[in-house]
Amino acid sequence: MKKFSAEECFIVTEKDYVNMMNDVNQFRIPKENKIILRILGIIAVCCGTAAFINLRESIYQTICWIILIIIGFYVLSYYDVINPVQIKKQASKFYRYHSKMIKNAVTFQMNDELIHILSETHQLHLPKKYIHQIAECNHTILIFIDKNEFSFIPKRVVNDDDIRHLKNFADDKYIVI
Amino acid sequence: MAVNPIIAEFDNNIKIKEYAQAYQIYDLRRGRSSGREWKSSVFFFLAVAMLFMLSMDNFNIVKNPVTAIVLMISMYMCTHYVYLLPKKAKLQGEHIYKSSRLLSKKYRFIIKRDYFEINNDYEFLKRYYTEIIDCIETNDTFILIGGMEHIVTVISKRCLTDEQIETISVFFKSEMIRVYRRSTYGSHLKKK
């Protein structure tokens with residue numbers, strides 16, 4: 001029997017699932033989007049505040065400036081506060097309703113040639129050329145088969161050796177977020 | 001007696017156009033672009049309201065800059081949801097297909113009474129029909145949406161005989177009553 005350089009078996013808990021969703025979300029949002037939204041938010045808040053102090057000729061105008069300030073704060077805090085909370089809520093709800101689909105035990109095995117991700121209903125045997133990207137995030141390791149589809153391993157189940165093997169295996173396809 | 005009889009068994013191989021079409025349908029129905037009808041309606045009515053407000057002041061944009069800006073944003077968002085989003089979804093489908101080496105591979109597809117299986121050297125998937133949230137038959141494909149992995153599964157009608165198409169269509173219709181839809185989307189039915 002072939003020896004594996006890494007072998008772990010795990011169950012995806014609610015915490016794993018929520019963390020994974022947050023990590024995927026962080027991975028998929030381009031950094032430019034975050035910067036642009038922050039700049040727009042700051043501009044809206046500054047302009048709204050300046051106009052609120054200096055240009056208050058009617059109630060209609062005052063309401064407009066208050067709305068502008070609120071929109072500015074919303075945009076400014078969207079990716080840092082609002083979006084993670086939304087994702088967490090959605091992921092928890094999804095996990096509760098679809099736990100039967102998620103709770104399958106998953107086995108992750110790896111040798112020099114292949115990565116195996118095995119569960120009762122889905123089995124992957126991937127050589128390096130079939131992997132699109134491997135992303136190491138805060139709480140999870142995401143193994144992308146294409147731009148959209150991925151499997152994941154919670155970081156709590158892998159040790160430093162496994163991560164090193166994975167890094168060596170994926171080489172230039174390995175990125176750290 | 002077979003416990004779980006086989007309904008159809010064939011080799012399936014999907015092309016970029018078929019996958020892009022399937023992904024577009026998935027994205028617009030269940031993906032990030034879902035709910036575009038009501039979103040575009042909201043922006044349409046907002047644009048109409050802003051237009052009405054501007055007309056009350058003889059379309060004086062200098063006097064009502066905020067109204068004019070909201071009108072422009074609403075019109076853009078309306079166009080975005082109605083026209084740009086479907087195009088973007090299709091393009092995204094093409095990108096996904098190009099980025100994947102597995103999607104273009106030939107699969108052995110086995111449709112059984114309670115689930116279907118897809119199988120090749122690199123992947124095995126068993127999906128129960130209870131996990132399917134949408135089963136859409138177009139002129140060119142059967143699109144099965146659902147599950148945690150391989151969310152969009154496409155069966156190309158090119159790879160099937162006429163009898164198999166008929167059998168699968170009738171089977172899906174009877175097995176997944178609530179989720180089955182017949183769509184006229186797609187170019188034309190290609191026969192073997």
Side-chain angles (χ1 to χ4, degrees), chain A residues 12 17 20-21 24-25 28-29 44 47-48 51 55 57-58 60-68 71 90-91 94-95 97-104 106 113-133 143-152 173, chain B residues 14 16 19-20 22-24 26-27 30-32 34 50 53 56-57 63-70 73 89 91-105 114-133 146-153:
Chain A
V12 180
Y17 187 74
M20 179 273 287
M21 289 304 284
V24 170
N25 196 45
R28 281 187 174 151
I29 298 166
C47 291
L55 293 167
E57 287 164 10
S58 64
Y60 170 68
Q61 265 191 351
T62 313
I63 292 168
C64 281
W65 304 136
I66 291 170
I67 290 170
L68 189 63
I71 290 171
Q90 281 171 6
F94 189 88
Y95 189 89
Y97 288 112
H98 300 90
S99 53
K100 269 187 187 173
M101 269 200 287
I102 303 164
K103 270 181 185 167
N104 282 332
V106 182
E113 292 148 19
L114 292 167
I115 285 181
H116 306 270
I117 299 165
L118 314 166
S119 73
E120 192 196 328
T121 52
H122 190 223
Q123 292 169 9
L124 282 169
H125 313 278
L126 299 168
K128 189 193 164 186
K129 64 177 180 178
Y130 280 77
I131 289 171
H132 179 65
Q133 201 161 47
I143 299 169
F144 283 88
I145 304 152
D146 55 47
K147 273 189 170 178
N148 197 40
E149 192 86 26
F150 64 89
S151 293
F152 77 100
K173 289 180 180 175
Chain B
I14 53 169
I16 188 164
Y19 187 79
Y23 188 83
Q24 186 188 31
Y26 156 72
D27 200 50
R30 300 285 175 177
R32 277 181 251 176
S34 61
M50 292 299 121
M53 277 172 76
M56 299 270 280
D57 216 351
K63 225 176 164 186
N64 302 294
V66 177
T67 316
I69 291 167
V70 173
I73 292 171
L91 208 65
Q92 205 177 352
E94 283 175 14
H95 282 308
I96 290 168
Y97 186 92
K98 281 176 194 167
S99 70
S100 173
R101 284 187 174 232
L102 277 177
L103 283 173
S104 52
K105 285 269 164 205
D114 297 336
Y115 58 85
F116 67 81
E117 281 178 6
I118 57 176
N119 200 356
N120 70 8
D121 291 345
Y122 305 100
E123 190 176 19
F124 167 79
L125 177 81
K126 181 179 176 182
R127 170 130 314 141
Y128 290 93
Y129 298 124
T130 46
E131 292 176 28
I132 302 288
I133 53 171
M148 290 298 296
E149 319 86 5
H150 222 295
I151 296 166
V152 185
T153 309

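Within every chain, numbering begins at 1; the chains are lettered A, B, ... in the order of the sequence lines, protein sequences first and strands thereafter.
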Checking side-chain contact (heavy atoms from CB on, under 4.5 Å) for the pair A:Asn148/B:Tyr23: CA distance, chi angles, key distance, verdict? CA-CA 11 Å; A:Asn148 197 40; B:Tyr23 188 83; 3.7 Å; yes
Show your working on side-chain contact (heavy atoms from CB on, under 4.5 Å) between A:Leu68 and B:Val66 and close with a plain yes or no. CA-CA 10 Å; A:Leu68 189 63; B:Val66 177; over 6 Å; no
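We find the CG-CZ distance between A:Leu126 and B:Arg101 to be 12.0 Å, quoted to the nearest 0.5 Å. With values rounded to the nearest 0.5 angstrom, B:Asn64 atom CG is found 5.5 Å from A:Tyr60 atom OH. The CD atom of B:Glu149 lies 11.0 Å from the CD atom of A:Gln123; values are rounded to the nearest 0.5 Å. Expressed to the nearest 0.5 Å, how far OG1 of A:Thr121 lies from CD of B:Glu131 amounts to 6.0 Å.
Heavy atoms of B:Lys105 lying under 4.5 Å from chain A belong exclusively to its side chain. If you measure heavy-atom distances from A:Tyr17 to chain B, the contacts under 4.5 Å come from the side chain alone. Residue contact with chain A, scored on non-hydrogen atoms closer than 4.5 Å, is absent for B:Asn119. Of the two parts of B:Leu103, only the side chain, counted from C-beta on, holds a non-hydrogen atom closer than 4.5 Å to a non-hydrogen atom of chain A.
Tested against A:His122, the residues B:Arg127, B:Glu123, B:Met148, B:Lys126 include a single side chain to side chain contact (heavy atoms under 4.5 Å, CB included) partner, B:Glu123.
Summarising the local packing, OH of A:Tyr97 is surrounded by 12 or fewer heavy atoms from other residues, nucleotides or ligands at distances under 6.0 Å.
When every heavy atom of B:Ile96 is checked against every heavy atom of A:Lys147, the shortest pair comes out as CG1-CB, 4.3 Å.
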